Number of protein chains: 2
Amino acid sequence: MCTPYHNASCKNCQDRFGSILFKAEKCNLEEIEASKVCTTYKKGQIVFQEGAYPFGIYCVNTGKIKLSHCGDDGREQIVRLAKPGDIIGYKALLSAERYTASAIALDDSSVCFIPKDLFMSILQKDASLSLEMMRILASELRKAELKITHLAQKPVRERLAETLLFIKETYGVEQDGATLNVRLSREEIANLVGTATESAIRLLSEFKKEGLLELQGKKIRLLDLEEITRAANLQD
Amino acid sequence: MCTPYHNASCKNCQDRFGSILFKAEKCNLEEIEASKVCTTYKKGQIVFQEGAYPFGIYCVNTGKIKLSHCGDDGREQIVRLAKPGDIIGYKALLSAERYTASAIALDDSSVCFIPKDLFMSILQKDASLSLEMMRILASELRKAELKITHLAQKPVRERLAETLLFIKETYGVEQDGATLNVRLSREEIANLVGTATESAIRLLSEFKKEGLLELQGKKIRLLDLEEITRAANLQD
DNA sequence: CTCATCAACTGACGCAGATCAGTTTTTCTT
DNA sequence: AAGAAAAACTGATCTGCGTCAGTTGATGAG
């Protein structure tokens with residue numbers, strides 16, 4: 001199923017995305033490079049699962065990963081979307097608890113694994129890396145708190161529009177400059193927004209009727225970014 | 001209004017709560033102790049305000065502080081409650097952005113200020129402190145993501161019960177062992193839960209009718225913790 | 001190709017909870 | 001102490017959106 005291999009160089013990630021790990025000092029990066037193990041995951045496969053204990057952190061090399069909580073009633077809540085260069089699984093590692101979210105491949109993906117002991121020891125001796133780590137954590141926290149506020153105060157329509165813009169920011173668009181560069185089911189979109197699948201579907205076709213976007217299967221073409229932004233009603 | 005003074009020793013905080021700062025090496029702690037400035041705030045006064053640039057971090061010495069976003073429509077969303085020993089304002093400092101939340105005293109409070117440059121320079125040379133900082137950030141992030149899931153999936157009644165338990169965990173109870181040790185308005189409780197003030201009021205008196213708690217003005221006595229926990233319907 | 005399965009969609013309905021409006025109680029002011 | 005102002009409470013709507021149920025369309029297996 002998952003094929004492990006060593007040959008994906010960190011250098012690739014550095015050149016392509018300037019991943020966080022490149023804040024590390026050179027010698028430390030070399031250590032990481034030497035110990036990491038790359039694994040490929042097919043779409044839908046699990047990188048790690050909620051409830052398990054972390055043995056290290058992961059760095060996305062290619063593909064797309066969703067991080068989601070499973071709610072008490074079994075409904076999924078997607079809390080993050082990761083792209084190449086992003087690291088995942090650090091929260092559980094740093095707070096020394098089990099994973100509170102599962103990581104699942106949205107596309108065929110290749111993900112590097114860095115063992116816990118190595119990462120933690122480097123973190124202790126590499127001030128530049130830890131500072132960057134804190135920056136990431138602080139920024140994620142900021143986003144999470146904003147999401148809390150919107151979830152508590154904004155109607156579904158605005159949150160859906162905001163989510164579409166967020167997906168665009170995260171994964172970008174295809175060559176046509178408008179089609180979201182990721183295939184999400186309507187249910188996944190709903191779980192990102194925090195609403196029922198049917199509501200997401202209804203509002204998407206409402207947006208379509210209003211000419212804000214085009215839908216063909218899972219492809220979503222954002223036609224009128226300005227109007228979508230207005231529909232999101234963002235102040236900040 | 002706010003009286004600055006130097007005489008609150010960090011040692012006090014250490015003995016009383018084991019604040020994060022005591023993960024710092026001794027010499028660094030002494031440096032902090034030498035440069036910090038304590039200020040007292042009367043109930044309702046602002047420690048720092050959303051939108052402003054941070055000049056340092058704060059460590060709560062005595063009292064209680066709420067951290068809240070102001071939503072687009074002006075509605076407040078409380079994202080954190082801080083107690084003595086807690087540090088606040090680190091998120092903006094670490095991500096090098098403006099404050100995304102305001103900090104307001106819920107009680108007369110005394111708060112120490114540690115200048116940005118000092119804190120950041122110590123953070124860079126003190127691995128133990130930065131690791132603890134990351135631990136805090138990771139743990140806050142975990143809580144925030146859980147809140148997102150609950151906000152998206154749980155009814156108000158369950159979230160209110162959960163919030164009451166959260167307040168108890170944070171600020172504890174008075175000598176009677178049951179009365180929440182903080183005075184929050186119904187509106188503040190609602191803004192913590194993420195609901196309308198009227199709904200919070202209604203559900204509180206519903207809880208009262210069911211014998212889960214007692215209400216006298218702003219005092220809330222939790223009578224039946226087991227039932228409240230059940231009402232919160234927590235899986236995890 | 002045909003059937004089976006699952007996702008996408010549509011409509012109807014019901015209700016949790018927001019909003020509005022009005023009353024009572026508490027708190028603050030002078 | 002009396003009056004004003006704010007908070008707490010209560011009741012009466014109203015509606016956003018979740019739920020349910022059924023149809024259509026897409027995808028994949030044999």
Side-chain angles (χ1 to χ4, degrees), chain A residues 42-44 66 71-78 104 106 149-164 180 182-210 213-221 231 233, chain B residues 42-44 71-77 106-107 149-164 180 182-210 213-221 231 233:
Chain A
K42 293 235 171 283
K43 176 173 177 170
K66 69 172 172 183
D72 302 340
D73 53 352
R75 272 242 341 249
E76 170 187 60
Q77 176 66 40
I78 300 181
I104 299 170
L106 288 170
T149 306
H150 289 178
L151 218 32
Q153 300 187 357
K154 294 178 141 220
V156 175
R157 186 184 151 96
E158 294 182 16
R159 272 151 47 208
L160 174 61
E162 191 181 349
T163 300
L164 292 172
L180 291 181
V182 61
R183 300 186 127 243
L184 294 168
S185 70
R186 298 297 137 103
E187 190 180 1
E188 283 170 325
I189 293 175
N191 295 343
L192 210 39
V193 174
T195 188
T197 309
E198 295 92 328
S199 298
I201 291 174
R202 253 182 271 271
L203 286 165
L204 276 174
S205 55
E206 194 175 302
F207 284 161
K208 182 182 172 183
K209 247 176 230 154
E210 295 169 19
L213 47 75
E214 252 173 32
L215 300 169
Q216 7 188 8
K218 290 199 172 56
K219 301 256 175 204
I220 299 177
R221 286 192 47 146
N233 186 29
Chain B
K42 292 234 174 282
K43 176 175 176 169
D72 302 339
D73 53 352
R75 272 248 335 252
E76 169 188 60
Q77 176 67 39
L106 288 171
D107 268 350
T149 306
H150 289 178
L151 217 33
Q153 301 188 355
K154 294 178 140 218
V156 175
R157 185 184 152 96
E158 294 182 15
R159 271 150 47 207
L160 174 61
E162 191 180 349
T163 300
L164 293 172
L180 291 180
V182 61
R183 300 186 127 242
L184 295 169
S185 70
R186 298 298 138 102
E187 190 180 1
E188 283 170 325
I189 293 174
N191 294 344
L192 208 39
V193 174
T195 188
T197 308
E198 295 91 328
S199 298
I201 291 174
R202 253 182 271 271
L203 286 165
L204 276 174
S205 55
E206 194 174 302
F207 283 161
K208 182 182 172 183
K209 248 176 228 155
E210 297 169 17
L213 46 74
E214 252 174 35
L215 300 169
Q216 6 189 7
K218 289 201 173 57
K219 301 256 174 205
I220 300 177
R221 287 191 43 141
N233 186 27

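Lettering of chains follows the sequences in order, A, B, ..., and the numbering in each one begins at 1. None of the values given here were measured: they were computed from a predicted structure.
- Look at B:T195 and you'll find a side-chain N or O under 4.0 angstrom from OP1 or OP2 of C:dA18.
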Q: Decide yes or no on side-chain hydrogen bond (donor to acceptor under 3.5 Å, both in side chains) for B:E158 and B:N233, but give the supporting numbers first.
A: CA-CA 6 Å; B:E158 294 182 15; B:N233 186 27; 3.2 Å; yes

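- Where A:K154 and A:R183 each meet DNA chain D at their nearest nucleotide, the meeting point lying more 5' is that of A:K154.
- Remark on DNA chain C: of its neighbouring residues A:L184 and A:A152, the 5'-side contact belongs to A:L184, judged by nearest-heavy-atom nucleotide.
- Protein atom CG of A:L215 is 14 Å distant from nucleotide atom C1' of C:dA7, rounded to whole Å.
- Taking side-chain N and O atoms only, B:R202 has no distance below 4.0 Å to OP1 or OP2 of D:dT10.
- Atom NZ in A:K154 sits 12.0 Å away from atom CG in A:L160 (nearest 0.5 Å).
- Between B:E188 and B:E76, the shortest heavy-atom contact is CG-OE1, 4.3 Å.
- Dashed line: the shortest gap from a side-chain N or O of B:S199 to OP1 or OP2 of C:dA18 is under 4.0 Å.
- Distance A:L160 CG to D:dG18 P: 12 Å, rounded to the nearest Å.
- Between B:E187 atom CD and D:dA5 atom P the separation is 19 Å, expressed in whole Å.
- Counting only heavy atoms from C-beta outward, the side chains of B:Q216 and B:R221 approach each other to under 4.5 Å.
- In this structure, A:E187 CD and A:I201 CD1 are separated by 9.5 Å, a value rounded to the nearest 0.5 Å.
- Summarising the geometry, the separation between CG on B:L204 and P on C:dG17 is reported as 14 Å, rounded to the nearest angstrom.
- Residue B:S205 has no polar side-chain atom (N or O) positioned under 4.0 Å from OP1 or OP2 of D:dC9.
- Distance CD (B:E198) to P (C:dT24): 18 Å, rounded to an integer number of Å.
- Checking D:dC9, C:dG17, D:dG18 against the side-chain heavy atoms of B:P155 singles out C:dG17 as nearest.
- One finds no side-chain N or O of B:K218 lying less than 4.0 angstrom from the OP1 or OP2 phosphate oxygen of D:dA7.
- Rounded to whole Å, atom P of D:dG16 lies 11 Å from atom CD of A:E206.
- Going from atom CD1 of A:I201 over to atom P of C:dC6 covers 16 Å, rounded to whole Å.
- Taking atom CD on B:Q216 and atom C1' on C:dT27, their separation rounds to 17 Å, with Å as the unit.
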